[in-house]
Amino acid sequence: MAFFAVSRNQPLVLLSTTDLVTEHHRMYEENQQLRRAITSHAVIDQAIGVVVVLGRLTPEGAWRALREVSQHTNTKLRMVAQHVLDYAQGGALPESERAELGKAIVRHRRCGGTPVTAGPPGSPGGDGSDGTEAAAPTGPQPDPARTAGG
């Protein structure tokens, strides 16, 4: 028995049962891969948020920092992101990743023009444990005329 079906290469093609089963299997595998990608993307996005808060970086700087940690530690980005999320929930961050994340945060703070400030105790790069010293926070000072009630 043969069926008409849409093929990737031709709009309407006569496919055998074997061809249909093969196409079904291919589509099932593609669906599973897309589901894994969506899950990984969500984990990475959440880790970017953690690094934004802990490292006081822009989202772009946090993305770059995570990517650099992945490259420098030879760890998949998805795993680095999961480790950062675990750390944010009170777990441990592997030492190699912690050290690289601290260095990356310092690099991206300086590149982005954001001052290097001390973060919460034990935060990656926030306590100067990576060999750098934290600077005092700076920012716009309040206008004396506005704060004097006038």
Side-chain angles (χ1 to χ4, degrees), residues 5-11 15 19-150:
V6 176
S7 167
R8 293 185 126 213
N9 302 330
Q10 300 170 343
L15 296 176
D19 292 338
L20 286 172
V21 169
T22 302
E23 182 67 8
H24 176 273
H25 180 69
R26 185 197 63 76
M27 291 179 81
Y28 178 81
E29 289 300 319
E30 183 177 336
N31 184 299
Q32 292 301 100
Q33 182 182 12
L34 290 171
R35 287 177 186 268
R36 285 189 300 272
I38 288 170
T39 302
S40 291
H41 190 76
V43 169
I44 292 168
D45 282 348
Q46 291 171 21
I48 288 171
V50 168
V51 175
V52 163
V53 171
L54 291 179
R56 298 182 182 181
L57 299 175
T58 64
E60 178 65 25
W63 160 248
R64 288 180 181 171
L66 286 173
R67 193 178 63 208
E68 288 174 12
V69 170
S70 172
Q71 291 170 346
H72 293 186
T73 62
N74 198 27
T75 307
K76 295 222 178 253
L77 180 61
R78 173 180 37 82
M79 289 307 300
V80 170
Q82 186 61 55
H83 293 155
V84 168
L85 289 181
D86 292 345
Y87 172 78
Q89 296 171 2
L93 189 60
E95 181 59 31
S96 61
E97 291 175 24
R98 188 203 62 76
E100 286 300 327
L101 184 57
K103 292 174 189 175
I105 286 172
V106 169
R107 270 194 306 275
H108 289 287
R109 279 185 186 160
R110 289 184 179 147
C111 292
T114 305
V116 179
T117 60
S123 67
D127 58 1
S129 62
D130 60 353
T132 60
E133 291 185 30
T138 61
Q141 299 300 316
D143 182 6
R146 292 183 157 222
T147 58

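In this text the structure is predicted, and so the values were computed from the model without any measurement. Keep in mind that the numbers below use all heavy atoms, side chains included, and drop hydrogens, waters and symmetry copies.
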- Task: Supply the atom-to-atom distance L66 CG to H83 NE2, rounded to the nearest 0.5 angstrom.
- Result: 12.5 Å

- Could you list all the salt bridge (Lys or Arg N to Asp or Glu O under 4.0 Å) pairs where at least one residue sits in residues 64-82, not counting sequence neighbours? E60-R64, E68-R107

- Message: With a 6.0 Å cut-off (strictly less than), is the heavy-atom count around CG of N74, excluding the residue itself, greater than 12?
- Response: no

- Listed partners of V50 passing side chain to side chain contact (heavy atoms under 4.5 Å, CB included), at least two apart: L54, V84, L85, A88

- Search all heavy atoms of L57 against all heavy atoms of R109 and return the closest pair with its distance. CD2-CG, 3.5 Å

- Message: Test: salt bridge (Lys or Arg N to Asp or Glu O under 4.0 Å). Region: residues 83-96. Which pairs qualify, not counting sequence neighbours?
- Response: E95-R98

- Item | Which residues share a side chain to side chain contact (heavy atoms under 4.5 Å, CB included) with Q32, sequence neighbours left out | Y28, R35, R36

- Task: Take V51 and W63 through the test side chain to side chain contact (heavy atoms under 4.5 Å, CB included) and record every step on the way to the result.
- Result: CA-CA 8 Å; V51 175; W63 160 248; over 6 Å; no

- Note on the structure: So CG of L20 and CE of M27: to nearest 0.5 Å the spacing works out to 11.0 Å

- Message: Can you tell me how far apart NE2 (H41) and CD (Q46) are? Round to the nearest 0.5 Å.
- Response: 10.5 Å

- Task: State which residues pass side chain to side chain donor-acceptor pair (under 3.5 Å) with T75; sequence neighbours excluded, sorted by chain then number.
- Result: T73

- Query: Which atom names give the shortest non-hydrogen contact between A65 and L101, and what distance separates them?
  - Reply: CB-CD1, 4.4 Å

- Message: Regarding R26 and E29, does a basic nitrogen lie under 4.0 Å from an acidic carboxylate oxygen?
- Response: no

